[in-house]
Asks: 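A single structure is presented below for examination.
These numbers come from the heavy atoms of this one structure, side chains and all, not from hydrogens, waters or symmetry mates.
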Amino acid sequence: MAHSVDTDQLMGDKVTTAALSADSTARRHVGRLDLSTPLFLLLATVLCVLVLLPLFWLGYYSLTTKSGSPTLANFVRLFNDATIRRAFLIALSMALSVGLFSCLVATPLAWLVARTDMPGQRFVRSLVTASFVTPPFLGAIAWAMLAAPNSGILNNIYRWAFGLDQSQALFNIYTFTGLVFAVTCYSFPFVFTLVANAFDKVPSDLEEASAILGGKPGTTLRRVTLPMVLPAMLAGSLVAIVQAFTMFGSPAILALPAGFHVITTKIWSFFQFPPKLDLAAASAVPLLIVTMLLLWGQRWLLGRRGYTVLGGKSGTPRRVKLGNWKWLAGAYVLLILCVTILFPYLALLKVALTHNISEPLSWNSLTLHNFHFVLFEFSSTRLAIWNTLILGLSTATIATGIALVVAYLVARRAAPGAAFLGVLATAPIAIPGIVLGVGLFLAYANPTFGLYGTLWILLIAFLTIELPAGYQQLSSAFHGVHPELEEASRILGATRLKTLWQITAPLLRTSLIAAWCFVFIGTIRELSATVLLTTAQTKLVSVIIYDLNESGDYGAIAVLGLLLLVVSFTVVFIANRVPVLGGAPPRSGG
Amino acid sequence: MSNTNVAAGALLAALTWSQIAWAAPPEPYKVTDELVAAATKEGAVVYYTSTDVQVAEKLGAAFEAHYPGIKVQVERAGSERVFQRIGQEYSSGIHNADVIETSDASHFLTFKDQNWLTPAVPEDVAKMWPERDRDPDGLYAAFRATLTVIAYRTDMVKEQDAPKTWTDLLDPKYKDKLVKSHPGYSGNVMTATYALSQLLGWDYFEKLGKQGVMQVQSSTEPPKVLAQGERPIQADGNEYNVFILQDKGVPIKAVYPPEGTSIAYGNAAILAYAPHPNAAKLFYSFMFSQEAQQLNDDFGGLRSVRPDVKEKSNRTPLSQIKLLESDPANVRDAIEEIKQKYEEYFGT
Amino acid sequence: MAFVELDKLTKRYGQLTVVKEVDLAIEKGKLVCLLGPSGCGKTTTLRLVAGFVQPSDGQIRVGGRVVSSPKASEPPEARNMSMIFQSYALWPHMTVFENVAYGLRLRRLGKADIQTKASRILQATKLESLAERYPGELSGGQQQRVSLARALVIEPETLLLDEPLSNLDANLREEMRFEIRRLHDEFRYTTVYVTHDQTEAMTAADVIVVMNQGNVEQAGSPEDIYERPRSEFVAQFIGGANIFKGKRVGTDTVDCGNGLVLRCGSGDYAASGQMAVSVRHHDLHLTNEKPSGDLANWTSGKVLRQVYLGSHRDYLVSLSGGETVRAIAPVNVAIPENQQVWLHCPPDRCRALAH
């Protein structure tokens, strides 16, 4: 090292020389190699490979002929093919409807939870989070069990209650509306989280100012509070729109039986033999562009009015007293929880325990046949659970690790051009899973890499897909850690990495665990990229559920779905209980 | 040109013809102690199949009971999906599967062209299989035969109201009552769609597409949808799943229209780069044994070409059904057209 | 040779130069205060010394060895310095003891050594009884002392303090000023102390360096700076002063216009042209009687505002020339507002400023 020149000889002061030389011996043991620059380069390379390589192949395939010469023919075909145009438009209108309804459902709920004296607010918040743990495709299957026009449990109850004949049905999930409904059930938490946070942060003095000027509670809500959370509502809706637009599982389960395609299922169909990779790549491009536009809009909205400022200054927000309205509010909350959590879970349980969906529930109809089949006869089960766990744990750990380091480098501007890393780590959010699946297949399935058919390609896919979630979680958490806490460690003799490990990571413990859980759940519920990238040896629970759905084996699906839910909840529970990083719980510092 | 393009090119080349001269079929093989020992040493066999998962797992369990120490890993998906999967895997140089079985006989023509199969003729096949139900070069043989039938819930549709012929399905009274599987997923339905489009013309499907059918993927699913009570009539679907459900007491009945019923031969073969070659041979030979074929029939409701399999008395014997046979080579030529027309008429 | 040397140290952020060619030599064992208004570049200078910021030009030498230059800089962890932060930067997840022992652990000291050294410093900072507490459970003053203990325990070559008292309330601040000086006298580390508070600097520093807009305005002992300011900025920033602009008319006289001619007792004179004279607020004498005799160093005006402050009265006087001056007078000099008033600036209290 260049600076290891012995300092002592250069100093004139004889008295302190002795004292300092002892100290300097001690210092020599301190690992002083600053790894931040090599680490930065390594991360930049990794992120470039993760993000840019699949996109490159996507672009390459969409713009070349089979022999490799440039062409726009794929896009011309795309544009002239009515079925593709139709799928694209249906997907877009489905996504917009989902965004609208998510916002309409989530905003009152967020207001009730954050701004009124409704009881059980914490409970409601955690249940909404629970509905986030439910993979959307599982929710869609559960809703197919509940609301299929003839066999659906709810329809059967309806007919039974009103003594109607078989031709009457209350719901039909196999319709465009049904699809919008089922997707909304699992997209509204995105809006809810953002809006509830925004409600939490509306400084109460603003509302008090309105009240003191004579504004009635209703007026204050309409004129002050709602405008303050409007950007969050819009931003949340945009996230929901993006989620719905890029979703594969639910449309594959509900739209195909209804006889229509959305763009993701259409891309998937291009992979049927003989695969039209060029067309798949080309149709992924508009999907990518629209997603990027939507996210850009969301970012713009959140960027306005200093919206991203963390930690509102006001302590306790003003709470509106509901009085007798609380019954209505309670009914509303109960309805939402029933629709998103209770009914679907009960339906899965019922189907898991009986031979047949439409069979009425009685002691005699109960059976463990489905459990026996899944656990002991179905040879894919064990491998799939094992693979899912391995990938979930490793993706969560690696992605959180990378996200932590990137968030650190960006937040502390620790290396030149660090902001670029942040962009790379956020970029995959704009890449729909199915598009990434296509890109990764094109990039890694070839003999050079030969990664197709291994868990590695799935790990790469999950890392890419989940990195933005982890990164955003952690980069916002960095705002809460005063840089001086790290500088104090460095000036005392710790390198960047040591500081990151000993000071920053423990301080970010809660956020780290949250990010880890986020990624873990995200991995377990991923289907759209997975479905293109798995093989027999790399089966995942999500994919066998999807396969079983295609052959209509609802009993086995229900069992596997419940298993997936139990595993997810257990892992999340454990992660929040075990002090992963050791050390005392963080307290408020000076 | 990139490697990826090579991979994709190879995949696509599967469609193009290549004439390969085959030598005479190999000598039939017996299950010897050496084979069992070698197979046991390999410890596992990976079976890609499109047979209903519960039936396929039963076959696996029966094999495991015979040869303890060899695990059967069943990978079940629709025929077209299995075809897609093996195509993706073999083009990417991944050799997971030992034995493959789909209900679309045209797939095996492609596999053969691609050199993806190992010649192997189990003793039973050599002895008992009719000439037309096995490959002259000994690469594959018919493991099962599946009929694609109309079926209905006897408790929800009276016998006189039930459809008797394919064209009956176009009657307005069946609107929103039908469930149907997808030729892009199921080999049986691909074959049946080919057969019916030849017999009745595309006009038939165009009209059927306006009947508000519930579209499912696998041909195993329509009978299950009937069992759930979601729809009372299947416009097409597997006969064998109807039998399975009948055996479980579901009030469901298959219809054999006088115009004819499409039959699809589900061929099986050992793959060229089987990771467990001996276990593959052992399992392959077991698949054609009387026990396995009888199990297919008893538990799975499948039709067998093996003469000594006893059919259940409550089932209409194959000999009394007018069958529509399809030439796999013709089906193969028609696949793209079928998929395209199908999407035009049915939306997916 | 000075221990810490800043040599033409410059830091630019894009177009903005926040530290301009700062030269500074700090003797070993001295406590140097960087004093200046916010935005004057003092904190950036400190962070340059610490190694958190890399210079755009010039260099920093510690004990003769270059630690910072545009080409290569040692990272902060290699400089054997300690720093006390404005926020204290105590790690909330570690106890007081763990906070203090952290630096020792980094130096791979033995358990016993760590225990002894940490205990000794905790004793010196009167924190023994709080060793097992978490920072969140301490008062502001206690947190400040932990921060000091943590910085001192590693026996740094250089100690850096960044506005260490700005988060404390007035009483504690006063107490801690003396505490810091006491600890400095006890341990005698070469110390760089950044503050915007004049009293703090006066109490603690051996040498005060007044900074303004990235430049060093003046460096010297507290007395030097106060008694002998060399620029308008220093005169006004330290202690407060009235500035009269004018032209030199004699060896030691400056004509400030409107009949005010000031004879100066000390200071630097511009060779010719514009210059200024500074007179501290309490050095202006007020009277309502018209003076007789020599009118040099006298002027008149009208009382704009007068505030009774117990120990003295604070006057704002509008001079006939239009300028407003501030004067502090004994309580017994009570002149009502709007009255004519005469002001006297004793020559030995007038300091000439060349620029």
Asks: Working to the nearest 0.5 angstrom, can you tell me the gap between A/Asn150 CG and B/Asp176 CG?
Replies: 9.0 Å
Asks: Could you go through residues 370-377 of chain A and list every donor-acceptor pair under 3.5 Å that involves a side-chain atom there, pairing it with any protein atom two or more places apart or in another chain?
Replies:
from     : atom 1 : to       : atom 2 : distance (Å)
A/Asn370 : ND2    : A/Val351 : O      : 3.2
A/Asn370 : ND2    : A/Ala352 : O      : 3.1
A/Asn370 : ND2    : A/Thr354 : O      : 2.9
A/His372 : ND1    : A/Glu377 : OE2    : 3.3

Asks: Checking B/Ala280 now: which residues fulfil side-chain contact (heavy atoms from CB on, under 4.5 Å) with it, not counting sequence neighbours?
Replies: B/Asp98, B/Val99, B/Ile270, B/Ala274
Asks: Out of B/His182, B/Glu75, B/Lys71, B/Arg76, return the one with the most heavy atom pairs under 4.5 angstrom to chain A.
Replies: B/Glu75
Asks: For A/Thr83 and B/Glu344, what are the C-alpha separation, side-chain angles and deciding distance, and is it a side chain to side chain contact (heavy atoms under 4.5 Å, CB included)?
Replies: CA-CA 8 Å; A/Thr83 63; B/Glu344 195 182 328; over 6 Å; no
Asks: I'd like to verify something: which residue of B/Pro223, B/Gly184, B/Gly209, B/Ala61 has the highest number of heavy-atom pairs under 4.5 Å with chain A?
Replies: B/Gly184
Asks: Picking from B/Lys224, B/Lys177, B/Lys58, which has the most non-hydrogen pairs under 4.5 angstrom with chain A?
Replies: B/Lys224
Asks: Can you tell me which portion of A/Asn549 sits under 4.5 Å from chain B's heavy atoms? Options are side chain, backbone, both or neither.
Replies: backbone
Asks: Please classify the contact of B/Val213 with chain A as side chain, backbone, both or neither, using a heavy-atom distance under 4.5 Å.
Replies: backbone
Asks: Under the salt bridge (charged side-chain N to carboxylate O under 4.0 Å, His left out) criterion, do A/Asp547 and B/Arg85 qualify, and how do the steps go?
Replies: CA-CA 13 Å; A/Asp547 279 353; B/Arg85 209 163 264 174; 3.7 Å; yes
Asks: For the atom pair CG (A/Leu548) and CD (B/Glu221), what is the distance rounded to the nearest 0.5 Å?
Replies: 10.5 Å
Asks: Is atom CZ of A/Arg85 surrounded by more than 12 heavy atoms (other residues, nucleotides or ligands) closer than 6.0 Å?
Replies: yes
Asks: Working to the nearest 0.5 angstrom, can you tell me the gap between B/Asn96 CG and A/Thr535 OG1?
Replies: 4.5 Å
Asks: Below 4.5 Å from any heavy atom of chain A, which atoms of B/Lys180 appear? Answer side chain, backbone, both or neither.
Replies: neither
Asks: Closer than 4.0 angstrom, basic N to acidic O: yes or no for B/Glu343 and A/Arg86?
Replies: no
Asks: Between B/Val72 and chain A, which part of the residue has a heavy atom less than 4.5 Å away: side chain, backbone, both or neither?
Replies: backbone
Asks: Side chain, backbone, both or neither: which part of B/Arg81 has a non-hydrogen atom closer than 4.5 Å to chain A?
Replies: side chain
Asks: Rounded to the nearest 0.5 Å, what's the gap from CG on A/Leu532 to CD on B/Gln84? Could you check?
Replies: 8.0 Å
Asks: Mind checking the OG-CD spacing from A/Ser380 to B/Glu57? Nearest 0.5 Å is all I need.
Replies: 6.5 Å
Asks: How long is the gap from OG on A/Ser269 to CD on B/Glu80, to the nearest 0.5 Å?
Replies: 13.0 Å
Asks: Under the 3.5 angstrom rule, does the side chain of A/Ser379 hit a backbone N or O of B/Val74 as a donor-acceptor pair?
Replies: yes
Asks: Can you tell which part of B/Tyr185 gets under 4.5 Å to a heavy atom of chain A, answering side chain, backbone, both or neither?
Replies: side chain
Asks: Does B/Ser218 offer a backbone N or O that forms a donor-acceptor pair with the side chain of A/Glu550 under 3.5 Å?
Replies: no
Asks: Would you find more than 12 non-hydrogen atoms of other residues, nucleotides or ligands less than 6.0 Å from B/Lys158 atom NZ?
Replies: no
Asks: Where is the tightest heavy-atom contact between B/Gly347 and A/His261, given as atom of each residue plus distance?
Replies: O-CD2, 3.7 Å
Asks: Would B/Gln73 and A/Leu383 satisfy side chain to side chain contact (heavy atoms under 4.5 Å, CB included), going step by step from the backbone distance to the final call?
Replies: CA-CA 10 Å; B/Gln73 189 189 332; A/Leu383 185 67; 3.7 Å; yes
Asks: For a quick test of reading the model, state the closest non-hydrogen atom pair linking A/Leu256 to B/Gln215 and the distance between them.
Replies: O-CB, 3.4 Å
Asks: Between A/Phe378 and chain B, which part of the residue has a heavy atom less than 4.5 Å away: side chain, backbone, both or neither?
Replies: both
Asks: Where is the tightest heavy-atom contact between B/Gln228 and A/Gly552, given as atom of each residue plus distance?
Replies: NE2-O, 4.2 Å
Asks: Please classify the contact between A/Ile253 and chain B as side chain, backbone, both or neither, with a heavy-atom cut-off of under 4.5 Å.
Replies: neither
